[in-house]
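The next block holds one structure in the form of structure tokens; read it before the comments.
What's counted below: heavy atoms across the whole structure, side chains too, no hydrogens, waters or symmetry copies. Just so it is clear, the model here is predicted, and its values are computed rather than measured.
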Amino acid sequence: MTSHFLRAAGFDESLMVEHGRARPVASIRLYLDVDEPSWVRCRALSFLGSQYYDDVKPQRTRFERPALCLVAVLDQEVVGILDVEIDGASATIDTIATHPDHGQLGIASALLTSALPMLDDRGVTSLDAWTREDVAANAWYQRHGFAEEFRYLHVYKDWDGAAEGFTSPPGLSSPVRAFAHAEIEHESDLRARFRRVYVCRQYKRRI
């Protein structure tokens with residue numbers, strides 16, 4: 001049986017072992033500015049295989065509120081990301097991502113496990129996250145103590161989608177592409193009209 005462990009900086013240290021052979025160890029630590037290039041790559045590659053495939057950022061997220069930003073690093077490359085924005089006693093996961101070449105090793109779980117006591121120390125009592133319909137992502141939140149709190153729709157109009165009902169300022173065409181939110185009760189009608197319609201769920205758990 002395969003056992004996977006991650007060494008978290010400042011936490012317990014374990015050797016990652018597979019079938020009795022030593023494997024490289026990923027260290028979990030606070031994000032540093034030098035991490036930005038590999039942070040961007042890790043996030044883009046992780047999202048590419050999900051329903052957020054076009055949510056690509058050319059630079060790391062900048063937060064206006066306080067934030068806890070952790071990375072899992074292997075050979076000086078970011079292979080896991082957890083960014084949590086804090087608003088008083090509530091916090092929201094802005095990004096959680098694992099490099100696809102390092103999937104199924106428990107990196108995301110180790111990041112969350114490291115983050116929870118740090119959030120508790122900052123007075124956070126509840127943590128939420130938003131995700132679409134990817135089965136693995138929804139199952140991951142449920143396994144880690146999150147429960148669905150709310151749902152609504154993400155709706156995309158692509159270049160070949162119906163333009164009826166869209167308006168633009170004078171001199172501009174109707175939108176070539178558009179992204180909108182909608183209430184869940186309109187799901188059937190919107191799915192009949194647009195190719196890309198996703199249920200977006202809010203998950204929440206206590207710290």
Side-chain angles (χ1 to χ4, degrees), residues 1-18 23-32 35-53 55-57 60-61 63 67-86 90-122 124 126-149 198 200-207:
M1 182 174 181
T2 302
S3 298
H4 299 294
F5 301 93
L6 290 170
R7 185 181 63 214
F11 296 83
D12 293 337
E13 294 188 2
S14 302
L15 181 66
M16 191 155 61
V17 177
E18 182 177 35
R23 288 168 55 91
V25 179
S27 296
I28 295 177
R29 59 165 172 76
L30 294 174
Y31 170 88
L32 303 174
D35 297 322
E36 183 166 19
S38 62
W39 185 101
V40 170
R41 288 194 297 272
C42 179
R43 185 183 184 279
L45 290 171
S46 175
F47 279 35
L48 186 62
S50 77
Q51 292 178 350
Y52 287 96
Y53 62 85
D55 183 16
V56 176
K57 296 182 178 182
R60 181 180 167 272
T61 307
F63 296 102
L68 173 62
C69 302
L70 300 178
V71 289
V73 179
L74 181 62
D75 295 332
Q76 301 183 342
E77 288 289 317
V78 172
V79 296
I81 299 166
L82 177 60
D83 284 350
V84 181
E85 190 170 24
I86 300 169
S90 300
T92 297
I93 294 177
D94 178 81
T95 294
I96 185 160
T98 300
H99 192 294
D101 290 347
H102 302 276
Q104 306 301 314
L105 298 178
I107 291 175
S109 297
L111 285 163
L112 179 64
T113 298
S114 297
L116 290 176
M118 301 171 78
L119 292 169
D120 184 47
D121 288 344
R122 299 186 187 196
V124 175
S126 68
L127 176 65
D128 75 349
W130 300 82
T131 194
R132 291 179 179 168
E133 299 171 14
D134 293 291
V135 173
N138 283 269
W140 186 89
Y141 284 115
Q142 293 163 13
R143 284 199 309 273
H144 288 84
F146 290 82
E148 184 177 335
E149 187 88 358
Y198 304 113
C200 183
R201 292 173 172 85
Q202 180 193 31
Y203 285 98
K204 185 176 286 189
R205 61 159 287 167
R206 303 294 295 177
I207 299 296

Exercise for review: With rounding to the nearest 0.5 Å, note down the distance linking CG in Leu127 to CG in Asp120.
Suggested key: 12.0 Å

**Study point:** Donor-acceptor pair, side chain of Gln202 and main chain of Glu149, under 3.5 angstrom
**Key:** no

Check your understanding: Can Arg29 and Asp35 be said to form a salt bridge (Lys or Arg N to Asp or Glu O under 4.0 Å), step by step?
Key -> CA-CA 11 Å; Arg29 59 165 172 76; Asp35 297 322; 2.8 Å; yes

Practice item. Measure the CD1-CG distance between Ile28 and Leu82 for me, rounded to the nearest 0.5 Å. Key: 9.0 Å

Review point. Looking at OG1 of Thr61 and CH2 of Trp39, how far apart are the two atoms once the value is rounded to the nearest 0.5 Å?
Key: 4.0 Å

Study note, to complete from the structure: Sequence neighbours excluded, the answer for ring pair (Phe, Tyr, Trp, His ring centres under 6.0 Å) partners of Tyr198 is none

Revision key, fill the gap. In terms of heavy-atom contacts, Ala97 and Cys42 come closest through O-SG, 4.5 Å

Check your understanding: Under 3.5 Å, is there a donor-acceptor pair between the side chain of Asn138 and the main chain of Val135?
Key -> no

Review point. Are the side chains of Leu116 and His144 in touch, meaning some heavy atoms are under 4.5 Å apart?
Key: no

Check your understanding: Checking side-chain contact (heavy atoms from CB on, under 4.5 Å) for the pair Val78/Tyr31: CA distance, chi angles, key distance, verdict?
Key -> CA-CA 9 Å; Val78 172; Tyr31 170 88; 5.9 Å; no

Exercise for review: Determine whether Leu111 and Val71 make a side-chain contact, defined as any pair of heavy atoms from C-beta on separated by less than 4.5 Å.
Suggested key: no

Review point. Any side-chain heavy-atom pair from Asp83 and Arg60 closer than 4.5 angstrom?
Key: yes

Practice item. Look up atom CD1 in Ile93 and atom CG in Leu112, then write down how far apart they are to the nearest 0.5 Å. Key: 6.0 Å

Review point. Which atom pair, heavy atoms only, marks the closest approach of Ala26 to Val79?
Key: CB-CG2, 4.5 Å

Review point. Is the cationic atom of Arg43 (NZ for Lys, CZ for Arg) positioned less than 6.0 Å from the six-membered ring centroid of Phe47 and within 45 degrees of its normal?
Key: yes

Study note, to complete from the structure: In terms of heavy-atom contacts, Gln51 and Glu133 come closest through OE1-N, 2.9 Å

Check your understanding: To the nearest 0.5 Å, how far apart are CD1 in Ile81 and OG in Ser38?
Key -> 8.0 Å

Check your understanding: Do Trp140 and Thr131 come close enough that some side-chain heavy atom pair is under 4.5 Å?
Key -> no

Practice item. Report yes if some heavy atom in the side chain of Lys57 is under 4.5 Å from a heavy atom in the side chain of Val40; otherwise report no. Key: no

Exercise for review: Nearest 0.5 Å please: distance from the OG atom of Ser114 over to the CG atom of Leu119.
Suggested key: 11.0 Å

Review point. With a 4.5 Å limit on heavy-atom distance, are the side chains of Leu74 and His99 in contact?
Key: no

**Study point:** Minimum heavy-atom distance Ile107-His102, with the two atoms named
**Key:** CD1-O, 3.5 Å

Check your understanding: Can you name the one residue among Leu70, Val124, Val84, Ile207 that meets side chain to side chain contact (heavy atoms under 4.5 Å, CB included) with Met118?
Key -> Leu70

Check your understanding: What about Tyr203 and Tyr141, are their ring centers closer than 6.0 Å?
Key -> yes

